Amino acid sequence: MRTGYCGEFSARDAGREVELCGWVHRRRDLGGITFIDLRDRSGLIQLIFNPNQGEAHRLARALDREDVIQVKGIIGKRAAGNINPNLPTGEIEVEVRELRLLNKARPLPFQIQDEVEAREETRLEYRYLDLRRPRMRWNLLLRHKVILEIRKFLDARGFIEVETPMLTRSTPEGARDYLVPSRTFPGRFFALPQSPQLFKQILMIASFDRYFQIARCFRDEDLRADRQPEFTQLDLEMAFVSQEEILALVEELVCHLFREALGQELERPFPRLNYQEALARFGSDKPDLRFGLEIREASDLFAGSAFRIFRETVERGGLVAGLAAPGCARYSRRELEELERLAKGLGAKGLVSLKLAAEGVESAIAKFLSPELVAALRERFQAGPGDLILLVADEPRRAREALGGLRLELGRREGLISGGWKLLWIVEPPLFELDEQGNITSTHHPFTMPKAEDLGLLEREPLAVRADAYDLVLNGAEIAGGSIRIHRRDLQGRIFKLLGLSEAEAEEKFGFFLRALEYGAPPHGGIAFGLDRLVMLLAGAESIREVIAFPKTLTAYCPLTGAPAPVKESQLEELGIELRKESPARGAA
RNA sequence: GGGGGCGUGGUCUAGUGGUCUAAGAUGCCUGGCUGUCAACCAGGAGGUCGGCGGUUCGAAUCCGCUCGUCCCCGCCA
C-alpha cells in the first residue's frame, strides 16, 4: 500500500516514484499550487499538487485536517530557496500524480500539535487524537524501548519471564483490593493483584532461580500525579543471592536503560544512604540530591537557652533542627508566612525564622537569643549575612519531615534544583513502624528479612530492628523497592505474630504460602520498579498519565470508554449480587 | 476523609458587581490568491460564562450547594 514512512525519505530518494499513506496534517492552498503536510508516526513530508495534475489537485483542495489519504508521486528535490530547515524532510517534497481519499475526518475537538494544550479530560476522551501528537508518540516509544531493553538485559542474564494470575486472592494489609466477583462460587471474590509478591517468591521455591515480569498491579487507593489505579511494575526475584548482588545487577540494569533509552552514562556504584541518615540530613526517605540545603540539628544549642518553647522541646526528648537558605534573608513577611503555613501543613507546630544581618539577627525570637547562641547558630548552619535560618522544634520524626518539605520548597523557589540524574540507594530501613492506632506494621511488607544482627531484638524491641531492604531513589522519587525475603517458616511465623496475626489467621490468609516455605525454600530476594514512574522521569513528564496510553482520571474514571459503567441486572443476578441503592452513575447500562 | 486551584464559542485564554449587547488567538465556513511550510488577505457563523439556588435595582463576576477536573495531605504492606 505504501513505499515507506513519510519521515524516512531524504534527498537521496529524489527521482523515486513512491506511494505514501497518512493523515493530512495541514493544507496550504495558494489558489493554484497547493501543499499538504502528510503525517504518519514517523513524521511529516510535504506533498505538492500542481494545477496541471487536474484530478489530484482538485481533490487535494477539498481535504481537511486529519483526513486519511494515499498518494502516488515522485520525490523531488526542492529548489534552494524553498528548503525548510525545520523539517527533517525539508529538502524534498512529493509531486503528487494520484490522490485517494481513504477516510474523511470530522472537525477536531482540539488541534494535534505539541504546542496546543487541551484540557486533560478532553485529551483523554479523544485519546486516539491526543496520541497522534509527537510528544505522546515519543513518550510511548520511549516506554516501549525501556521495556524492550529490560527484557533483553534480563534475558541475557538468565532471567525467565513468568506470568502470574490477575485473578487472585485478597490478602490482609496493604492497599484496598479491586475485587472481582466469582460466578462459580457465589459470594466469593477474586482480588486483582497489588503486586506479584507471593507468586514470585513461590517461583523461587519452585527453583526458577531468576524470574522477572512486566506486571500489571492494582491498588484501589486515592490517586496522584504519579499514581494510577492500575500500574506497571518491573518485578524481579533471584534465589541464592546476596543483597550486594541484587543491587549490583539493578545498577547495571539502570545504567543499561539510561544508555539505550537516553544515550546517557551514569556513574556506578550509586551512592547509598542509611535510612536514618537520609531522614536526619534530608528529612525524607527519598531525598532529592540535586541540591544541598541539608538539615542541621541544633538541640544542644537550645538546651539551655532562654527560648522556653525550644528548651522544653529538647527537655522532652524532642528535636530542634533547621536549615539555612542562602540569600533568603530578603524574604518578605508574606513569603515567610507561606513557609510557616507549609511547615504546619507538614505537621510542625510552627516555624521560627532568623534573618541574618551583618550584625545580629532579625527574628520574632531575637530577644531570646544571646550573642553567643547567634554565633553558635551561624557556625552550625554555616550561614552569614543575608542568609535565612529556619528552625523547627518537635518530636524528631515530625520535625525532620517538616524540614524535608521546606527543603524541597526552598529548592524549587530558589531554583537550586539542577538538571541531571541523581540516583541513590536508601538502605537499612526499620522493619516495622507504628500505624495511626499505634499498631506495629511492616514498613516494606511482612515477607522482608530482618537484619541478621537485629534478630535478637525482634520480640524485645521490634521498632529497633532494621530490614534487609533497599529503595532506589531518582531525583527525589522512589523508583524501585525491594528486599531479601524471609525463607524460613519459623521466622515468617514470628513476624506474623508480631504483626498481630494469630496462628489461625496466618493459616487462613497465608496458609498456602507458609506451606510452600516448608518444602525447601531457598534464600531469595528481589526488587520491583515502578515502571510508569521511571518512564515518566526519563520522558521529563510531570505525570505518569503522560506515559500511559489510556490512563484514568483522579477519580479512576476512563473518559474514553466511560468505565466504570453500570451492568445489566441479569449480570448481577448471575453473580448473586444485589445493589443496595441506585448509584448516581454516569451513563446508562 | 481534609485542604487548595480551575470550569467563559470546537480549543486555549482575557474579563473579578453596571462601560459585557462577553474580548482575543486559534479552529470552522465562504471568497481570493501558483512556492507555501503555524501560508497569507477579506468576509462570516459559532456562547443558556459547568449546573441549581440565593444576595442585589443589576451577577461570568459575590454567597451557598452541587457536578467535573487538576494539585496536595491522609491513604498507597
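What you see is a predicted model; the values in this text were computed from it and never measured. Computation of the quantities below employed the complete heavy-atom set of this structure, encompassing side-chain atoms and omitting hydrogens, waters and symmetry-equivalent molecules. Residue numbering restarts at 1 for every chain, and letters A, B, ... go by the order of the sequence lines.
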Using a cutoff of under 3.5 Å, can you pull out all pairs of nitrogen or oxygen atoms linking the protein to nucleotides 2-4 of chain B, with atom names and distances?
none

Using the [atom1] atoms only, state how far [M] lies from [N], rounded to an integer number of Å.
{"N": "B/G17", "M": "B/A42", "atom1": "C1'", "result": "39 Å"}
{"N": "B/C52", "M": "B/G9", "atom1": "P", "result": "15 Å"}
{"N": "B/C29", "M": "B/A23", "atom1": "P", "result": "23 Å"}
{"N": "B/G4", "M": "B/C41", "atom1": "C1'", "result": "47 Å"}
{"N": "B/G53", "M": "B/A59", "atom1": "P", "result": "14 Å"}
{"N": "B/G3", "M": "B/G46", "atom1": "P", "result": "43 Å"}
{"N": "B/C62", "M": "B/A14", "atom1": "P", "result": "15 Å"}
{"N": "B/G54", "M": "B/C72", "atom1": "C1'", "result": "32 Å"}

Please pick, from [options], the nucleotide with the shortest atom-to-atom distance to any side-chain atom of [X].
{"X": "A/Arg61", "options": "B/C71, B/C33, B/G35", "result": "B/C33"}
{"X": "A/Glu120", "options": "B/U69, B/G10, B/C70", "result": "B/C70"}
{"X": "A/Arg119", "options": "B/G7, B/G10, B/C70", "result": "B/G7"}
{"X": "A/Ala175", "options": "B/C76, B/C71, B/G68", "result": "B/C76"}
{"X": "A/Glu121", "options": "B/C37, B/C12, B/U69", "result": "B/U69"}
{"X": "A/Glu93", "options": "B/C71, B/G35, B/U69", "result": "B/G35"}
{"X": "A/Arg26", "options": "B/G27, B/A38, B/C70", "result": "B/A38"}

Scan [X] against the nucleic acid and name what it touches under 4.0 Å (heavy atoms): base, sugar-phosphate only, or nothing.
{"X": "A/Leu44", "answer": "nothing"}
{"X": "A/Ser195", "answer": "base"}
{"X": "A/Glu433", "answer": "nothing"}
{"X": "A/Ser442", "answer": "sugar-phosphate"}

Confirm from the modelled atom types if [X] and [N] form a donor-acceptor pair under 3.5 Å, side chain to base only.
{"X": "A/Arg106", "N": "B/C28", "value": "no"}
{"X": "A/Arg28", "N": "B/U34", "value": "no"}
{"X": "A/Arg227", "N": "B/C75", "value": "yes"}
{"X": "A/Gln113", "N": "B/G27", "value": "no"}

- Query: Do the numbers put A/Arg407 on top of the ring of A/Phe291, so that NZ or CZ is under 6.0 Å from the six-membered ring centre and no more than 45° off the axis?
  - Reply: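 Yes, A/Arg407 and A/Phe291 form such a contact.
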What I want to check is whether the side chains of [X] and [Y] have a donor and an acceptor closer together than 3.5 Å.
{"X": "A/Ser195", "Y": "A/Gln233", "result": "no"}
{"X": "A/Asp177", "Y": "A/Ser170", "result": "yes"}
{"X": "A/Gln46", "Y": "A/Arg28", "result": "yes"}

Nucleotide forming a Watson-Crick or wobble pair with [N], both distances under 3.5 Å:
{"N": "B/U21", "value": "none"}
{"N": "B/G43", "value": "B/C29"}
{"N": "B/G35", "value": "none"}
{"N": "B/U16", "value": "none"}
{"N": "B/U48", "value": "none"}
{"N": "B/G58", "value": "none"}
{"N": "B/U69", "value": "B/G5"}

- Message: Taking the nucleotide of RNA chain B with the nearest heavy atom to each, does A/Glu542 or A/His445 sit closer to the 5' end?
- Response: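 Comparing both residues, the 5'-ward one is A/Glu542.
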- When the nearest nucleotide of RNA chain B is assigned to A/Leu87 and to A/Lys552 on a heavy-atom basis, which residue is associated with the more 5' position?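 So the residue in question is A/Leu87.
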Without decimals, in angstroms, what is the distance between [X] [atom1] and [N] [atom2]?
{"X": "A/Lys104", "N": "B/C28", "atom1": "NZ", "atom2": "C1'", "result": "13 Å"}
{"X": "A/Glu409", "N": "B/C72", "atom1": "CD", "atom2": "P", "result": "13 Å"}
{"X": "A/Glu91", "N": "B/G35", "atom1": "CD", "atom2": "P", "result": "22 Å"}
{"X": "A/Asp29", "N": "B/C28", "atom1": "CG", "atom2": "P", "result": "13 Å"}
{"X": "A/Asp226", "N": "B/C70", "atom1": "CG", "atom2": "P", "result": "14 Å"}
{"X": "A/Arg133", "N": "B/A38", "atom1": "CZ", "atom2": "P", "result": "18 Å"}
{"X": "A/Ile83", "N": "B/U36", "atom1": "CD1", "atom2": "C1'", "result": "14 Å"}
{"X": "A/His57", "N": "B/U34", "atom1": "NE2", "atom2": "P", "result": "9 Å"}

- What residues in residues 216-224 of chain A put a non-hydrogen atom under 4.0 Å from any atom of RNA chain B?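 Per residue number, the list reads A/Arg219, A/Glu221, A/Asp222, A/Arg224.
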Do NZ/NE/NH1/NH2 and the carboxylate oxygens of [X] and [Y] come within less than 4.0 Å?
{"X": "A/Arg97", "Y": "A/Glu55", "answer": "no"}
{"X": "A/Glu338", "Y": "A/Arg413", "answer": "yes"}
{"X": "A/Glu478", "Y": "A/Arg533", "answer": "no"}

- Message: Within the supplied structure, the quantity of interest is the number of heavy atoms (other residues, nucleotides, ligands) at a distance under 6.0 Å from A/Arg137 CZ; does it exceed 12?
- Response: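 Yes, CZ of A/Arg137 has more than 12 neighbouring heavy atoms, counting only those of other groups under 6.0 Å.
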- Task: Measure from the ring centre of A/Phe110 to the centre of the six-membered ring in the base of B/U11, then say whether that distance is under 5.5 Å and the planes meet at under 30°.
- Result: no
